[in-house]
Amino acid sequence: MTAEIFNIQRFCLHDGDGIRTAVFFKGCPLSCLWCHNPEGQSPARQLMYHSSKCTGCGACLCAARVLENGKIRLDREKCTLCAKCVPACIAGANEICGRSAEVSEIFEEVLKDLPFYGEKGGMTLSGGEPLMQPEAAAQLLSLAKNAGIGTVIETSGAVDRSAFEMTLEYNPQYYYDIKAIDPQKHKKLCGKDNTQILENLEFLFSRGADTVLRLPLIPGLNDSEKELEALSVFLRENEPYYKRAEIMKYHSFGLSKAAALSKEYTAPKDSAKACDAVKWQNFLKANGAEKVIIS
Amino acid sequence: MLVKDVQINNRKETDKIMEYKYIQEYFAEAFLRAEKLSMPERIAAGTLAAAEHLSIDFPENCMLPTVSLRAPMSACGYGFGSGIFYSQGMHDWLVSTYPERREEMEDLRRRILPYCTHTAWMESATEEELLMRDTYACWGGDWGGHGNPDYGRLLKLGTDGLRTLVNKYKEVNTESEGFYNACLTVLDAADTVGRRIREMSLSFAEAETDGERKREWLRIAETFTRLPREGAWDMYSAMMLFWMFFTMDGNDSPGRMDQFMIDFYRKSSPAQNSEMIDRFLEGMHNVRGWNLCISGSNEKGEDETNELSYAILEAVRNKGYQTPNLTMRVNPKTPEKLWQAAADCLATGVGLPAIYNDETVCPALEKIGISHTHAHEYCMNGCNQIDIMGKSHMGLEDGEVNFAKALELCLHDGCDYEGGERRRIMPSLGKAADCKNFSEFSELYFKYLDYVTDTSVSMSNKSQKIYAEYAPHPMRSCLIEGCLERGVDYNSGGPLYNHGQILAEGMADAADSLYAVKKLVFDTKKYSMEELQKALAANFENYETLWHDFSSQDKFGNDIPECDSICTYICDHYLKYLKTKKTYRGGSFTGGCSPYNRAAENGAHTGALPNGKRRGDPTLADSIAATPGRDKCGPTASLKSMMRYDQSEACSGFVAQLRFDKNLFNTEKGKAAFITLAKAYFAGGGQQLSVNVLDRETLLDAQRNPAAHGDLIVRVGGYSDYFANLTPELQQNIIDRTEFSV
């Protein structure tokens, strides 16, 4: 069995406890404005062109590429993803994002850091949306469980119920995003409303799954008092069912990657603009959501 | 004028000097006068004569009696690292200041120089050896080596107790009378210094107007009515006695202080304890003392961490000084609390402590014949060399071999291209172009590497013989087990263990080069050996495609077994080969890895290499790790590669470094990750870990505005230093080295 992935990253410290290896699955049902991994959205392979690395030497020119003001203008319609431009560029400006990998090959990579996982660390399935490829995800979880490696799934929840049914038996920890409570707002920000997401979450709760909620805080997009109030009600009402809720401070690392994909990026471009996580946390706590921490 | 020039800190001392009508070479004259006696007795006679005149300083910040190795206004003295030395700078100043003494001084210099170890060593070295040293293929000897005297013995016995011990063995080993007499004489010299400390303190007290300082002078004077003849009785007297001897010994390394001081610590008040630790660290900062060791396990595997281990660690953290190097020994039973305290200390960016794994170090020591119990008494000295406290002369260190340069010599038939021109450095041992396969080529490399190693061994052994003959060290002999017992000097094989350590430089560069040659010359046959040789001779100029092909091959440090195995293969060969060589002192040679500060010099003198290194590029491997910037898969992959070495073959420091971004390390997650990494590395056979906590922006800024970052400390291999003190090349290397972040 194969999985479409775009990266395997060792020594991850922020996607679960301890030292972890994260497998990034390609393809996501959502298209959040602030997405920090925009290369994970499309399930298809994509060419990334990093113009800042480009020296304008022209070694990569082809039918899809024109040299303009010392940089490449790319006609993505004409690009056949032949990948010849990748080795042609000594500066490393061209990259093909996404590949098919055997589950066993992925797991071999995960096993490399086995000495460092200890009791807390392990494997994190991330993306994109790992549960869009539930069979591959389940296989990896099964392999990890047999090897005694702890697992985390980072999910948007916007997937078919069966994906959760298939993965629950391996007891992974679910890192589950709550991006907005209001369905219309969610649709505006993420391209899809949150009915399915909240239903799936309720299902996980009902099954007693080990769940950590994640609350991405995007200044100006989802941090109004009204939204925070709705969020606090939700968190308070479901408090017995999740382990903790982590406020994720916004950063704009996705910006340059979006540019490399010729994608628009409409979230705030300046991540230095303070996102006041402490204020958020205080507000949510004051409204009875006790398990909120800042990630 | 005079006062300023010779930098005498104590006015009373200066006044005394002014009374001397003429300059005096107390050590040299007494040494030369005693020509009928044995060499240890002559050194001791010089030491005793100088003891009456050595400058004794009480720096403001520590008020510890700090003894210098040479009397002020003398050019000649004696030290553990140099034997008898003669300062040409001081000589020049003296003859220009006192022209009427020129003839006498020159006569003295003429008579003493033949006894200077450096002179003798230069005479003994061959032209080829000197050429190999000057071209950075290797060096050996011409340095006495660090040692860790048993200060526990000193604090327990005092000089009177030591005298009793000397006399006891003197009766047994009657043939070593001269040696024992020398030991007794240096103990008298110590008593002389002790008496002068008391007299000086009393006179300072008299002149002192500040009440608190006056009390302190009187306290020192009072303490030295009993010291150094009696052993110590509390933390205050223990530190005073230790310090006097430590500085008389030349400010080397205290060793396992938390073990030999703990009884005094427990007997004293918390106020006295913290005061003395504070003064000790201030003093160490003044004299740039070397290596201080805490914690460790004993022969039963029991952890020996105590209250003093924590107190020292906390004081080092609060002080933030980069000297001494602090070493922390760990084992599976090391308390979690100590790990946490170490992480908190590292988080400040001080680069300390360096952490050593007993589970790898002790077996490595046992393999060369050190007893199980004694192996557990190891401590560190110098940058990162392993010593057995109070029991050994391990030659820290005896020499160094540049693996990268050896490969350059192998590729060019014994010649190098350091200056751009072909130059013969050593005889041809076979031609790279004649090798039919990779196995033949790697065998040829070993021939060259062994030859370079032999040269280092030869230079070192000549030096060891010279130190045995010209530089006996009765003071250390009193404090290193075996010497008094056998009646044999510290430099002549007296200690229980007399091994030697020759360090390796540029291992990953040589390994990556061999791997690239394997792939492109022998496996795919994309290039011929001749083409490669031409490209290297031309420093890759007009060979850009070839350079790109060679430099983009896989590198050590990325957890790629095929690639890593070449590095571990050559390292293993080297370590095992060294063990077949005997030291003049009477042990076997062993190997380890150089601290990072040497890489830049060695790299600058190594020509173009098949890993893509260009001539003049000072970058060489970061001790046992990858060549800076070549490990691209993060710290776990980097450590996995290093875990592939058989580190239990290495008896000198096998330095692995991690550099953390400050923002990362300074979180609970960051510190926990570090502890997890360290424990996993050690469980996998790792020997040592050191950590730099810094941010790249800070370093870049420090490079641009050194004045604004005068206090930025980085760990440079075995030691930490101010970033601003480093050469531009070394600064760049530190910036280039992978900085792990998330």
Side-chain angles (χ1 to χ4, degrees), chain A residues 7-24 36-37 55 57 59-60 86-92 95 105 108-124 126 148-150 152 154 175 212 244 246 248-249 251 253 271-272 277 293-295, chain B residues 332 336 339 540 544-552 557-561 564 612 629 631-644 658-661 663-686 689 697 738-742:
Chain A
N7 195 11
I8 302 175
Q9 178 75 47
R10 295 163 71 174
F11 194 60
C12 289
L13 299 183
H14 297 301
D15 301 302
D17 294 334
I19 292 171
R20 318 191 68 84
T21 297
V23 181
F24 292 87
H36 69 289
N37 284 337
T55 59
C57 73
C60 64
V86 177
C89 180
I90 288 181
E95 180 189 353
E105 179 210 327
E108 222 168 90
E109 188 68 20
V110 170
L111 277 177
K112 283 186 177 172
D113 273 354
L114 188 60
F116 301 100
Y117 296 148
E119 281 171 21
K120 287 183 173 172
M123 176 179 77
T124 296
S126 184
I149 297 173
V152 166
E154 290 188 310
Y175 272 50
V212 171
R244 63 177 182 272
E246 297 182 349
M248 314 271 290
K249 284 190 272 185
H251 60 70
F253 293 164
S271 55
I293 63 155
I294 297 169
S295 170
Chain B
E336 222 34 53
W339 275 106
F540 298 114
E544 282 309 308
T545 314
L546 180 146
W547 175 83
H548 188 253
D549 280 343
F550 273 87
S551 68
S552 58
N558 296 295
D559 195 10
I560 302 167
D564 295 348
D631 48 342
K632 296 184 182 299
C633 301
T636 54
S638 172
L639 290 174
K640 280 277 299 291
S641 287
M642 293 189 262
M643 279 151 76
R644 296 205 165 94
L658 292 177
R659 270 155 298 277
F660 281 95
D661 170 71
N663 295 325
L664 166 65
F665 198 94
N666 272 336
T667 60
E668 287 316 308
K669 250 183 193 301
K671 287 181 207 166
F674 154 70
I675 293 172
T676 309
L677 283 174
K679 287 183 176 174
Y681 180 61
F682 291 158
L689 258 191
E697 285 310 310
T738 324
E739 186 187 314
F740 299 122
S741 186
V742 264

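By convention in this document, chain letters (A, B, ...) are assigned in the order of the sequence lines, proteins followed by strands, and residues within each chain are numbered from 1.
Looking at A:D113 and B:K640, no side-chain N of the basic residue comes within less than 4.0 Å of a carboxylate O on the acidic one, giving no salt bridge.
For residues 673-682 of chain B, the pairs satisfying salt bridge (charged side-chain N to carboxylate O under 4.0 Å, His left out) are B:E336-B:K679, with sequence neighbours left out.
The aromatic rings of B:W339 and B:F682 lie tilted to each other, with the angle between the two planes from 30° to 60°.
Taking non-hydrogen atoms and a 4.5 Å limit, the residue list of residues 668-676 of chain B in contact with chain A, ordered by number, reads B:K669, B:A673, B:T676.
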Passes side-chain contact (heavy atoms from CB on, under 4.5 Å), A:T124 versus A:V23? Steps please. CA-CA 6 Å; A:T124 296; A:V23 181; over 6 Å; no

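With rounding to the nearest 0.5 Å, the separation of OG in A:S295 from OH in A:Y175 is 8.0 Å.
The closest donor-acceptor contact from the side chain of A:R20 to the backbone of A:Q9 lies at 3.5 Å or more, if one exists at all.
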